[in-house]
Each structure stands twice: as structure tokens, then as C-alpha cells.
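Report on the following structure.
Because the structure is predicted, anything quoted here is derived from the model rather than measured. In what follows, chains carry the letters A, B, and so on, assigned in the order in which the sequence lines appear, proteins first and then strands, with residues in each chain numbered from 1.
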Amino acid sequence: MRNKEIAELFNQIADALEFKNENFFKVLAYRKAARVLEELVDDVAELDRTGKLMELPGIGRAIAEKIAEYLATGRMKKYEEVTKDIPASLLELLNIQNIGPKTLALAYKELSVKTIADMKKAIASGRLKELPMMGEKKAENILKGIELYERSHERLAINIAEEVAARVVAYLKQNALVSNVSAAGSLRRWKETIGDIDILATGKDGKKIIGIFTRYPETREVAAAGDTKGSIVVDEGVQVDLRIVDEKSYGAALQYFTGSKEHNVKLRAIAAAKGLKLNEYGLYRGKKFVAGKTEEEIYRYLGLAWIEPELREDRGEIEAALKNKLPRLVEMKDIRGDLQMHSTYSDSEATIEELAAEAQKLDYEYILLTDHSQSARYAHGMEPARLYRQWREIERLNKKFEGFQILKGIEVDILKDGKIDYPDQILKEFDLVIGSIHQGFTKNVTERVSAAMENPYVDIIGHPTGRLISSREGYVIDLNKVMEKAAATGTWLECNAYPDRLDLNDVNLKKAREMGIKISIGTDAHGVPELRWFKFGLETCRRGWLEAREVVNTYPWEKLRLLRKSAQ
DNA sequence: GCCGTTTTCGGCCCGACTGTTTTCAGTCG
């Protein structure tokens, strides 16, 4: 699939056009097309073949033709044209805070700045600050931007961002001047990675509150501090923004700062069509304030049901809300158990007993213990003798519990030849079996996973794409074929809740849902504290529009066992 | 460049903050 490759080209065209000070909306159009391709589950080449490219939102005639051109010839004239007089290293600088297209163009034209190193030199030599509209402070801020970029230009993992935000929110809540403190932005939407952390609060004395905020003990640097808005960089190297609004604007501001940008653009268009104006202070008819204290009243006034933050990505949620057809998203209270975890029997720190004790604290009815199978030597996979020992321990422990049980599971390797790591007579003894790829990431993965799904005892495919958010692309796999096979065989696909995996991801889950595939959530915990990461899987499922009945963890075990394909 | 309950042209996001300037340009979200 070349979706990502083409998306990257469009992003670069957008950067180049921005640098050249082209029409801002044209830049946006390319960025939108890039985003649509990045999130596309289908193969862009297939859509091109069947003439369906222009059915995608944000893809019109001109962009469809460029995609077709690139697929046919491996080249895109537009891309070559707009980038030919720009050094390849230059556009990277646009990602640095306080460097925008104007500053960059000026530094390039006057001082031949082409790289980050050039920019540092231009600042050190004092030449940058001599340019028009530049100055001491401006140069200093660019230098800070470069430092931040070099330290951590990667997005923050959701679990880290959530922790940082929770600490800042708790700090602000201690202060009597502040009320209604809440995280907004991509964190409130539970996006899998977070750029910076947005926090919203209400209070009378904005300036004072911003002052308190900038004295947060973990502040490394204060990037801005005004009457209603402040920005700090905390020790993790992440930027935290705080906005202060009036009580009566709280809902409007929460809506506005939760985003996504694309969702908000569409919402404002709906407002405009009704002769209204929506901004972070409220919904207005002319100068008259008509709504804004809560999000609900804003959506209601626009003729929409309130939309869960996780859905606000402009992936059809506004259309669904207009028709009153929003999904009833699965919630934590629907969940009865965790369906993947490891113990000391393979490669984990936690004993079975410790995992069970923690699971009961979490009010689960069951957990599925899924240690590795024998060929996973790197993970101390279990040969049959150790497996039988584990079963006896599970049986012994289960006698002690009431209203809780440990299910006998396994994360079995799908081998390089597509075979499963245990024979069927062992497999059928498990309560549930997860089949996963842990070896041969580039070798016939689609065929091997498909073959595994033909096995009546393989109930779940674990982390189906194998991606690691921080470090690995994932297997070479045709997910469309895998989903078709999953739907045909009644195999469930996993949403692995491990924060670096979140696999399947939101857009793939939404696609799976549309195909009628059931989803299982597992933390893949390798230690007791990691059982608390379940929420990241749950939230990813919510971003994939999943309802409780579509997530198998919501069924009591008596019902769940009957959903297995071997019981059908 | 896209899009259409304002429909084939004209609108599409605009307000806060900073730093440069001396009334506003650039950047960010």
C-alpha cells in the first residue's frame, strides 16, 4: 500500500506552498488530502483502479489526478515543480516553534539559511536579529524552539501525557481562584499520541491564575504568559497550555479547544448556515450570545446530539449526529475482564496470583491469562510440561474465588510456515486462544494470519498489524484481506491496549466494526501496574465507534464462551 | 484545491500573544 507514501508527498507540497506564501486554503487542501490518505484503510491504488478516489472527502479532481499520475509513473509533476527550488533540508525548519513561513523565507533569502545548523549560526553571529521585523527576543525564541525540537520533536505517548496532565490539573485545582479545570485538546479525544497538552479552566482573575500556572513546580520554561493564556514547558519536555475563560463560555471553550480542528471547521460551517457564529466564547446570533455554558447546549442549538470527544475527528460523526445515529460507545462500566496478559510462566514480572488480585480490585469478573507458546524462546515460551503446571495452578486458584475466575488462555505464535505452535488437541483445551505474529514480519504475513484464522481454535488475532508507535511500522500485511477472513471465519481481532501498540488503531477498528467483526481488548500486561492501561485500549475502541455488544469483554464468560467460533 | 440546505464562484478560522514597531506583522492553536 502506498497510501502513506503519497500522503507524505502531499504534506511536503503543503509545506513548500506555505513557504512560498501561496494561498493558505490551498495549503489546507493538501494537508487535508494527506490526512485522509494517512487514515485510509483501503488501498489507494485499488480506489484509483475502480475510479472511486474522488468519493473520498477532501479529494477532488486535481488531487485525484495527481495520485493517479504518481501511481502510474512513480512521479508527481506538481511535487517536483514546487520543491525544485527549495533545498530538501529547509522545510524541516517549519516544524520548529517560532519559525513560520515568513521568517524562514527571509532567513533563506537574506542569509542562505538551509538547515537547523545554519539557523543556529545566523543567530549566534547576530545576523538574524539585524533583519527587518527580527530582533533580540525573536532570535532568542527561535533558539528556544530549536532546543525544544531537538530535545523531543516526537509526540508524547498517551499514557505519559495523561500522567503529566493529571498532575497539572491537580495542582491547579488546589487553588481557590480556579474552577472547572479540565484537559482539552487531543488528550480529551484520547488520540494515541499527544503533541502538547491543553488545559482549560474558569476563574475571575486570569492574570493571577496564569501566574500561579507558570509557578507550577515542574516548569522548566515559561513560553508565554498573558491575561487569559499561558504556556509552559514541563520537565518531560512537553508544552502545556492553559486557557482561562468566563464561566458562561466554559462549554464553548471546551468544545473549541477539544477540537479536532477538522471537526470544529465543520461545526462552524453548520453554525454559519444557520446564521450563527461559533467561537471559543460562545454561539452568537449577531452580537447576541445564545449558548456557551455547556457543550451540550451548543450542539443542541446547532441541531445536533452531543458528540463524545473521542468521535470528534470529522470521520462522519457530525453527519451521524444530524441523523441522530451516533453510536452508543462502550464504557468502562460495561467491561467484565481483560483478555491478554502475561505471568512469570513466560516473560512477565507478575505472578498469576498478583494479576488476579489486581483484576479483582478493578472489579473484573475474569481475566484471560495468555503466556507465550513454546517457540517464543525470547519470551521464555511454555513447552507443554510448563503449560500443564500452569493449568493446575489456575485450577487451584480458581477454587478460592467467588464471582471471579482466571481463564486458561495462550498467546500462540503463528510460525513462519503459517502453522500454529501447538497441536489442535492442546489448543482445544484452552478457554480462548490468541494467535500472534512474533517472527517473520515481512514473510507472507497476510497468508499466515489467514491460515491461522481457518483454525477453529484460534479465537483472536493479537495486535494484528504489529506496529509499535514509537519505533516500528508493523508487518507487511494486507489488513483488508485479514478483515475479510476474520468476518468470514468469525475470528475476533484484538485492540491491544499497550500504549505503544494500540493495535488495531482507531480507523482500523471503525472499519472492522463496519464489517461486523468483534473486537477483544487486552492490556498485554507484563506486570501488575500495566493492568491499569486497559483504558487506553477502551478509549481507542471508542475512537473506533465501538458499542458494548461489539466488544467481547462486555460479555459474561458464560455468554462469551458461546461466541467462540468453535461453539457456533 | 475543495466544496455546495449560501451550489460552479466565492468562501474556506479567527483571536491571543509576542515582539517588532509606533499601529501591526508573524506565529500559534
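Nucleotides B:dT5 and B:dG1, compared at atom P, are 23 Å apart to the nearest Å. The same atom, C1', is picked in B:dG15 and in B:dC9; the two are 28 Å apart, to the nearest Å. When the P atom is compared between B:dC12 and B:dT18, the two are found 28 Å apart, to the nearest whole Å. Spacing between B:dG26 and B:dT20 at atom P, rounded to whole Å, works out to 13 Å. Rounded to a whole angstrom, the distance from the P atom of B:dT22 to that of B:dG10 is 38 Å. Using atom P as the reference point in both B:dC17 and B:dG11, the two lie 30 Å apart (nearest Å). Across the P atoms, B:dC14 and B:dT23 are found 26 Å apart, a figure rounded to whole Å. Nucleotides B:dG29 and B:dC13 are separated by 11 Å at their C1' atoms, to the nearest Å.
Two residues, A:A272 and A:Y281, neighbour DNA chain B, and the one matched to the more 5' nucleotide by heavy-atom proximity is A:A272. Nearest-nucleotide positions on DNA chain B for A:A225 and A:P101 put A:A225 closer to the 5' end.
With sequence neighbours left out, the side chain to side chain donor-acceptor pair (under 3.5 Å) criterion links A:N324 to no other residue. For A:N3, the side chain to side chain donor-acceptor pair (under 3.5 Å) criterion is met by no residue, not counting sequence neighbours. With sequence neighbours excluded, the residues forming a salt bridge (charged side-chain N to carboxylate O under 4.0 Å, His left out) with A:E5 are A:R2, listed by chain and number.
Nucleic acid contact class of A:K66 (heavy atoms, under 4.0 Å, all strands): sugar-phosphate only. Residue-level contact check: A:S231 touches neither bases nor backbone, having no heavy atom under 4.0 Å from any strand. Within 4.0 Å (heavy atoms only), A:A269 reaches no atom of the nucleic acid at all. Contacts of A:K277 with the nucleic acid, taken as non-hydrogen atoms under 4.0 Å apart, involve only primed sugar atoms and P, OP1 or OP2. Across all strands shown, A:I96 has heavy atoms under 4.0 Å from sugar-phosphate atoms exclusively, and none from any base. When heavy atoms are screened at a 4.0 angstrom cut-off, A:V265 is found touching the sugar-phosphate backbone but no base atom. Across all strands shown, A:L28 has no heavy atoms under 4.0 Å from either base or sugar-phosphate atoms. Residue contacts for A:F257: at a heavy-atom cut-off of 4.0 Å it reaches no nucleic acid atom on any strand shown. In this structure, A:N23 reaches the bases: a heavy-atom distance under 4.0 Å links it to at least one base atom across the strands shown. Counting non-hydrogen atoms under 4.0 angstrom, A:A273 reaches a base of the nucleic acid. Across all strands, A:F10 comes closer than 4.0 Å to no nucleic acid atom at all (heavy-atom distances). Counting non-hydrogen atoms under 4.0 angstrom, A:D196 reaches the backbone sugars and phosphates but no base. No engagement by A:P132 is indicated, since no non-hydrogen atom pair under 4.0 Å with the nucleic acid exists. A:R268 comes within 4.0 angstrom of a base, heavy atoms only.
Residues A:Y79 and A:Q12 bring a donor and an acceptor atom of their side chains to less than 3.5 Å of each other. For the 3.5 Å distance criterion, the side chains of A:T465 and A:D503 qualify, holding a donor opposite an acceptor.
In this structure a side-chain-to-backbone donor-acceptor pair under 3.5 Å is present from A:Y250 to A:N180.
Base pairing of B:dT8: no nucleotide in any strand meets the Watson-Crick or G-U wobble criterion (both distances under 3.5 Å).
Sorted by first and then second residue, the salt bridge (charged side-chain N to carboxylate O under 4.0 Å, His left out) pairs involving residues 181-197 of chain A (not counting sequence neighbours) are A:R188-A:E295, A:R189-A:E313, A:E192-A:R467.
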Under 3.5 Å, which donor-acceptor pairs link side chains of residues 262-269 of chain A to any protein atom two or more places apart or in another chain?
residue: A:E262; atom: OE1; partner: A:S260; partner atom: OG; Å: 3.3
residue: A:H263; atom: ND1; partner: A:E317; partner atom: OE2; Å: 2.7
residue: A:H263; atom: NE2; partner: A:Y299; partner atom: OH; Å: 2.9
residue: A:N264; atom: OD1; partner: A:Q255; partner atom: NE2; Å: 3.0
residue: A:N264; atom: ND2; partner: A:Y256; partner atom: O; Å: 2.9
residue: A:K266; atom: NZ; partner: A:D314; partner atom: OD1; Å: 3.0
residue: A:K266; atom: NZ; partner: A:E319; partner atom: OE2; Å: 3.0

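For DNA chain B, the contact window with chain A, defined by any atom under 4.0 Å from a protein heavy atom, covers B:dG1 to B:dG29 in 5' to 3' order.
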Could you walk me through whether A:L322 and A:L304 pass the side chain to side chain contact (heavy atoms under 4.5 Å, CB included) check? CA-CA 5 Å; A:L322 281 167; A:L304 299 164; 3.4 Å; yes
